[in-house]
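Below, each value reflects all heavy atoms present in this structure, side chains not excepted, and no hydrogens, waters or symmetry copies. Values in this document were obtained by computation on a predicted structure and should not be read as measured data.
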Amino acid sequence: MATTANSQESKGFYKLSWLQRIGFGSGDLAQNLIFQTVATYLMIYLTTVLKINAAFVSGLILTVRLIDCFWSPVVGRYIDNHNPKLGKYRAYLLYGGIPLTAAACLLMLPQAAMWSVPMKMVYAAVSYTVLSMIYSVVNIPYGSIMASMTRDNDEVLILTSTRMVCANIGQIVVQAGFPIGLAMCIHSAIDWNQATFMAIGTIPAFVILPSMPVLKRWLGKKGLYYTLLAIGLVGFVILFTIGKFFDVSNFNSLVQVAKVMTGVGLLVGSLMWALVPEVITEAEYRTGNRPAATVNALAGVAFKAGFSIAGWITPLVMGWIGFNFASEASALPVEPSAWFTVTCVFALVGFVLLMLCFLGSKENITTTPEKPVSFGEMWQEFKASKCLQLVLSIFVVVFLASFISAPVNAYYPKLANYSDIAQNAILIFTTVIPAILLVVVGYLIYKYPLTDERLDEMNKEIEARNK
């Protein structure tokens, strides 16, 4: 048996220890402590603490994300074409982790609240742009590590599940912990209903992700996705019905259950990362190169495109509808020093976790092209791969569904406090738009062609060529 196992590992089908899996997953936990802070709370910070116009905030988020759409492929191309001594991909957790932590701490300086509006705008633009660019230097190679650890589909699924459990720990810590941390910093009462509502949608990840191998065997890959999406749709319908026709505070238990159901549907976004190694394998099968960082860079662009469209649309359209973030009662405390303190705590803990990932991950499968990958070749790869096109489309839509409601969720538990116009705006962004987008995700998954059987065939042919 040992000989067979060694033979399989020599072909790239490595079995990993739980120490390696958790070590790898700690990197996603680290990054989510920063990313979720930005995705969920930056818009509220800029509009309610710094009192910057929502239209400017909307344009800023879109501009930074457009910059990143050009920056991410540059990072991916560089990484694919270089081999640092500390690891082709792992090295950047160290090289990028230090400046990433510093940039996160500088994102919400308390002194900025005292500056003039033009100075606040310049500060917001520079600090957010720098943080976003450094984040890509860490996030893109981190995603590539998974494809370098093993070719084994079962191991990839376990790695993805472990990674996403860790990512969702980061999400729940930030979404619940940020309002709790703000309240503690200013010594005020904690709104537990709000904190629970913000975070409870993450709970399904801790049940479903560890059960992924079993659920996949029962339902099949696509059947699993369809089941999760259907549960999420029902949850959004319940939240809309309660918010539209009843007093949310009178149905707190049902609201929390419905929020858990929406989390089940949005969990499909986490599962999409399991498709990225499949796309990398398909590219290697066609071309002979394994462009892990390039594909992860494109996936990152698509992921951030969904995030950026959400960040652009939410403050802009809510402002058009009539919801004024600066003048309406804030859903969270507005003490600048509290925001700075909580952000710094998350950033510093994240740095420690990045170092754990650096030490715990092992790269077994890495290749560097004989000649540098050009941007033209990256575009050609996108055009040549239907699988890549579909996966990137799913990323855009599913993360748009996830993040379009993230900053507004803080307002839903206090729905009765706002005007009719504001209530309608909150409901549209927390229930209606995400539900429609989940239907689109289901259609795109239906079109995805790679089965597990076909992937096994590809991997075996690739290894046979490399003998």
Side-chain angles (χ1 to χ4, degrees), residues 35 39 61-62 65-66 68-73 76 136 139-140 143-144 146-147 156 160 164 167 220-230 232-233 236 262 265-287 291-314 375 377-406 432-452 454-455:
F35 178 78
I61 293 172
L62 179 63
R65 297 274 63 89
L66 287 175
D68 206 48
C69 285
F70 292 97
W71 173 244
S72 290
S136 293
N139 180 255
I140 291 170
S144 304
M146 184 164 66
V156 168
T160 302
M164 290 301 112
K221 183 161 62 179
K222 290 188 178 183
L224 173 59
Y225 293 148
Y226 296 149
T227 301
L228 299 181
L229 291 171
L233 282 171
F236 281 121
T262 66
L266 295 173
L267 188 60
V268 169
S270 297
L271 303 185
M272 287 303 100
W273 293 104
L275 301 185
V276 172
E278 296 183 4
V279 173
I280 294 169
T281 294
E282 191 271 342
E284 184 180 16
Y285 177 78
R286 285 185 295 102
T287 67
T294 298
V295 172
N296 273 280
L298 293 173
V301 169
F303 161 69
K304 291 169 186 173
F307 168 50
S308 63
I309 295 169
W312 168 56
I313 288 177
T314 303
F375 292 115
E377 288 169 333
M378 293 172 69
W379 172 244
Q380 291 299 324
E381 176 58 30
F382 172 78
K383 290 198 301 181
S385 176
K386 179 182 178 181
C387 299
L388 179 59
Q389 294 167 17
L390 281 168
V391 168
L392 296 185
S393 299
I394 295 169
F395 267 102
V396 172
V397 179
V398 75
F399 286 109
L400 173 57
S402 296
F403 293 117
I404 202 163
S405 62
V432 177
I433 297 177
I436 293 171
L437 292 172
L438 287 191
V439 174
V440 177
V441 171
Y443 172 76
L444 293 172
I445 289 172
Y446 169 75
K447 302 292 289 183
Y448 183 71
L450 286 181
T451 64
D452 288 343
R454 180 57 183 149
L455 283 165

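For the pair V391 and Y448, the tightest heavy-atom approach, listed with the atom from each and the gap, is CG2-CE1, 3.6 Å. Taking every heavy atom of both residues into account, S136 and D68 meet most closely at OG-OD1, 2.8 Å. Summarising the geometry of Y446 relative to Y226, their closest heavy-atom pair is CA-OH, 3.0 Å, with the distance given to 0.1 Å. The two residues A39 and A406 have their closest heavy-atom pair at O-CB, 4.2 Å. The two atoms that bring F236 and P434 nearest to each other are CZ-CB, 3.4 Å, heavy atoms only. Between R454 and Y285, the shortest heavy-atom distance links the atoms NH2-OH, 3.2 Å.
Among L437, I433, V440, V441, the single residue meeting the side chain to side chain contact (heavy atoms under 4.5 Å, CB included) criterion with L400 is L437. Of the candidates L444, L275, I445, L390 forms a side chain to side chain contact (heavy atoms under 4.5 Å, CB included) with just one, namely L444.
Distance OG1/T281 to CG/L450: 9.0 Å, rounded to 0.5 Å. Atom CG of L267 is separated from atom OH of Y225 by 10.0 Å, given to the nearest 0.5 angstrom. Here the OG atom belonging to S393 is positioned 11.0 Å from the NZ atom belonging to K386, to the nearest 0.5 angstrom. Here CD1 of I280 is found 12.5 Å from SG of C387. Values are rounded to the nearest 0.5 Å.
L229 has its side chain out of reach of V439: every pair of non-hydrogen atoms, C-beta onward, lies at least 4.5 Å apart. Within the 4.5 Å cutoff, the side chain of W312 has no heavy atoms near those of the L66 side chain. For the pair F395/V276, a side-chain contact is recorded, criterion being any heavy-atom separation below 4.5 Å from C-beta on.
Heavy atoms of other residues, nucleotides or ligands lying less than 6.0 angstrom from NZ of K222 number more than 12.
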Practice problem: Could you give me the CA-CA distance, side-chain angles and deciding distance for L438 and L266, then say whether side chain to side chain contact (heavy atoms under 4.5 Å, CB included) is met? | Solution: CA-CA 8 Å; L438 287 191; L266 295 173; 4.0 Å; yes

